[in-house]
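All chains are named by letter (A, B, ...) in the order of the sequence lines, taking the proteins before the strands, and each is independently numbered beginning at 1.
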Amino acid sequence: MFARIVRGSFLREPRRAANAAAAVFVPAALLTAVANFLLDARQKMSRELRSRGPNLVLVGVEPKKVPLDRLRESSPRAIAASPLARGLWTVDGTEIPLLGFDPPEGRRLRPGWRVEGTWLTTETMLGARLAERLGLGPGDEFGGRRIEGVVETGEAEDEAAFLPFRDALAKGADLVAIEWILPGTAGEVEAEGKRLAAAWGAEARVQHQIAAGEGALLGRLTRAFALVGALVLLVCGLSMATTLVAGVSERRRDYGVLRSLGAEDDRIVRLFAAEVGALFVAGLLPGLAAGLLLSGALARAVFASGSGVRPLAVGAAALACAAMAAAAALAPLRRALAVDPARVLKEE
Amino acid sequence: MFFRILGKSLLLRRRRRFAAFASVALGTAAASGILAVFFSVGDSVAAELRRYGANLLVTPAGAALDVGATLAESDLARIKGEANFWRNNVVGFAPFLAVDAAVDGRPTRVVGTWVDRELAADGEAFRAGLRSIASAWRVEGAWMSAPDEAMAGASLARDRGLRTGSRVRVRDADLRVVGVVSSGGAEDGQLLVDLSVAQSLAGRPGRVGWILASAVTTPESHLAERAGGGGGSLRALARQMRTDPTRLPPDLVEQFACTPYPTSIAIQIEKSLPHSDARPIRQATETEGAVLERVRAAFLLLAASAAVASALGVLAAATSSVLDRGAEIGLWKALGATDARVALLLLSEASLVGIAGGVAGVALGAAAARAIGSSAFGVPFAFPPALAALAVLGALAVSILGSALPMRAVVRLRPTVALHRA
């Protein structure tokens, strides 16, 4: 009988049921998406802030002591790592400042540099001022190599030519530093720097400007995100609660009928709970699933990279939804039950 | 009669009305508050990013770096002068002159600079120097403040056994090391001295080798895409802007003139400082650009989420509220109200609730934005009046929509049926 009533309430008024499910689905989806997105946001923002350049530089390194081709293995969590060589390259009788690094790592170390053409792979790349002075561009020949790209840095490197690290060494350049972008707090970067320096008998220089500023900014952003996120979650919860409360008041008459048929209060509360439960299954669960997909889309839209599923976020969102909405709907339910069934039937 | 019914209707069923009002108010507060944060957060983040350091490099025009060309020290204040349209965006700058000299008999890179000076340009005073662009440097001891003081880079200090209080002899000048600087950059291997000392060592009185400047900028990477894709286009665009802007589309030129892009500010600095060449430091400007874009996009999406969620709640509540009033509506019709009158009554109620909720929501939203700004950035975020108007209109629209949606069912309601149901 109980199941029949619950089933019937949905089947007899499918549109109302569908509206109610939708009104639970959307806030649930948004709530999950926002929670998931925010948990990811700090990490992603931290990565973004790090792209200002190397935050650790090792100097005084002896080439023989360091596995230059396998730097990442020395610090597996590193975001980027490359040796840096400096020297002079004689081209057509002129000495040009020469810089050498591992091309793909170099890109990761300096994502802000703008490239016309393509980034260095195996041939050569010229700084913008040098290229302008010589009247050369991508595709032209320089020192027996093809210019793959012209890079604009805004700094002294605009006057230099770039080669892959080994080729630079072959032209007489010296290893001057190993540059890193390391994850973690300023303290963690400093500690890792000390460890690497000790292992290789080198000196570690932490880029304090970057490390310090990032900590402060990231903290501020995280707090702003948390506050705003809380606001969004509150609104989603309220929206769901409003829907459920509206649902209860719409059904006042039905509860009145049940009461006059002899149903007791607890029976009716259980009926209501079952209906809400069914609604959650029809609306909340798909909402959570949609929310996870949505958070991936949000992350891609903002950070240009997807986000993982956070069971913590999903669980918290589900609990928040259920708690808020159910609590909100209990009060009007009790009010509906407190009224004399005859009066409810008379629609007063 | 109409207004009597309207008035009575609003006064009775207060709990219902209040619930509707509250949901409109809270929804408006959340959506408008977050949108206000979106408008202000960019400026706060940009200002915070300036702590990272300089994002513009100014050098003597036409010369390769390090070749000995210089700029005039006396011209420097012009960076904040009226000739620079973006002078208020420049938050700091410092001049440098490098010379290789013997320090305690050993060859050392000595760099002269100002640490903190008060200057004036076109009647306005401002501070410039290393403190304005390198606030996050770690200094053990103190920043130098007199021409006979110096600061040693951390690596140099370690190599030469220098400490706070050490005395060094630079050619025939005796300097006292007041602080040891740790920046992670080239400065760690240098001896920083007062600009006048470097100038006399180099034999270039009143001259400066290069300037680092820090300015609040708007990201310009999307311009490259507009101009035809790739890094080269931005450079070509910048070159064109400097040499012959008439060959560019006028709306692009205007955009450059009205927006503090790094290139725009660089061009304005060149205009104000004779014989100079200013370039955005790409590592700085591009990263900042990316961070700003991401932050703003995130808050915009959060605002949209709040708006959608709250609109849905308000719609659901409004719709069911109307449907629930079948008996009341039947009564009005039985009393002779036309369908149009009924519709007008319902929509008027919705409008009043919408406007009241919207106004309350705007007040709450403004308070929320202020609180979020103060808490996260120490700056109470402002609430643009235009946003207030938009928010109230939005609240009104959603309220009316919520009542208008079930209007067909309401209008078709036959008084006898409705009254009988009661």
Side-chain angles (χ1 to χ4, degrees), chain A residues 19 23 26-27 30 33-34 41 45 48-49 51-53 57 110-117 128-129 150 152-156 159 203 205-210 212-213 216-217 220-221 223-225 227-229 231-232 234-236 238-239 242-243 245-246 249-250 298 301-303 346-347, chain B residues 23 26-27 30 33-34 37 41 45 48-49 51-53 57 64-65 134 136-138 155 182-185 188 230-232 234-235 279-287 290-291 294-295 297-299 301-302 305-306 308-310 312-313 316-317 320 323-324 327 368 372 375-377 421-422:
Chain A
N19 280 341
V26 175
L30 285 171
V34 167
M45 203 48 84
E48 207 66 61
L49 286 167
S51 58
R52 180 152 175 135
V57 179
R110 303 223 155 66
W113 284 2
R114 302 196 64 89
V115 182
E116 183 188 352
R129 289 198 210 214
V150 171
E152 186 201 340
T153 77
E155 300 176 271
E159 297 283 349
E203 181 197 327
R205 290 185 189 171
V206 175
Q207 298 290 89
H208 292 294
Q209 193 101 330
I210 296 176
L217 181 57
R220 292 181 188 282
L221 278 176
R223 180 174 295 183
F225 277 138
L227 290 169
V228 166
L231 216 55
V232 175
L234 186 73
V235 164
C236 287
L238 280 172
S239 177
T242 312
T243 306
V245 167
S249 48
E250 272 176 29
L298 273 180
V302 174
F303 297 110
K346 246 193 118 207
E347 190 60 274
Chain B
S23 83
L26 287 168
I34 299 175
V37 169
V41 77
V45 170
E48 191 70 29
L49 284 168
R51 287 167 48 83
Y52 281 101
L57 173 65
L65 296 173
W137 280 9
R138 265 197 213 168
S155 302
S182 194
S183 75
D188 285 1
L234 199 55
R235 211 159 40 82
R279 300 284 163 116
I281 296 175
R282 285 299 169 199
Q283 266 299 92
T285 59
E286 300 308 285
T287 308
V291 168
R294 308 268 190 251
V295 168
F299 280 107
L301 283 171
L302 288 169
S305 303
V308 168
S310 52
L312 218 74
S320 87
L323 289 173
D324 212 22
I372 293 172
S375 171
F377 289 95
R421 260 194 107 211

For this session: Provide the closest heavy-atom pair for L57(B) versus E155(A) in the form atom of the first, atom of the second, distance.
Result: CD2-CA, 3.8 Å
Exercise. Is V235(A) close to L26(B) at the side-chain level, that is, under 4.5 Å between some pair of heavy atoms?
Worked result: no
Exercise. What option among G33(B), S23(B), A30(B), G27(B) has the most heavy-atom pairs under 4.5 Å with chain A?
Worked result: A30(B)
Exercise. Can you tell me how far CZ of R205(A) sits from OG of S183(B), rounded to the nearest 0.5 angstrom?
Worked result: 8.0 Å
Exercise. Does L221(A) reach the side chain of F377(B), with side-chain heavy atoms less than 4.5 Å apart?
Worked result: yes
For this session: Please identify each residue that fulfils side chain to side chain donor-acceptor pair (under 3.5 Å) with E286(B), with sequence neighbours left out.
Result: R114(A), R282(B)
Seminar exercise, completed: Comparing P27(A), A301(A), P111(A) against chain B, the one with the most heavy-atom pairs below 4.5 Å turns out to be P111(A)
For this session: Give the intermediate values and the outcome of side chain to side chain contact (heavy atoms under 4.5 Å, CB included) for residues T153(A) and Q283(B).
Result: CA-CA 7 Å; T153(A) 77; Q283(B) 266 299 92; over 6 Å; no
Exercise. Between S155(B), A284(B), A368(B), P280(B), which residue shows the highest count of heavy-atom pairs closer than 4.5 Å to chain A?
Worked result: S155(B)
Problem set entry | Winner by heavy-atom pair count (cut-off under 4.5 Å) against chain B, out of L238(A), V57(A), L231(A), L234(A) | L231(A)
Problem set entry | Backbone N/O of S375(B) and side chain of R223(A): donor-acceptor pair under 3.5 Å | yes
Exercise. What pair of heavy atoms forms the shortest contact from A306(B) to V232(A), and how long is it?
Worked result: CB-CG2, 4.2 Å
Exercise. Quick check: does any side chain N or O of S305(B) sit under 3.5 Å from a backbone N or O of L30(A), one acting as donor and the other as acceptor?
Worked result: no
Seminar exercise, completed: Comparing V37(B), V295(B), V308(B) against chain A, the one with the most heavy-atom pairs below 4.5 Å turns out to be V295(B)
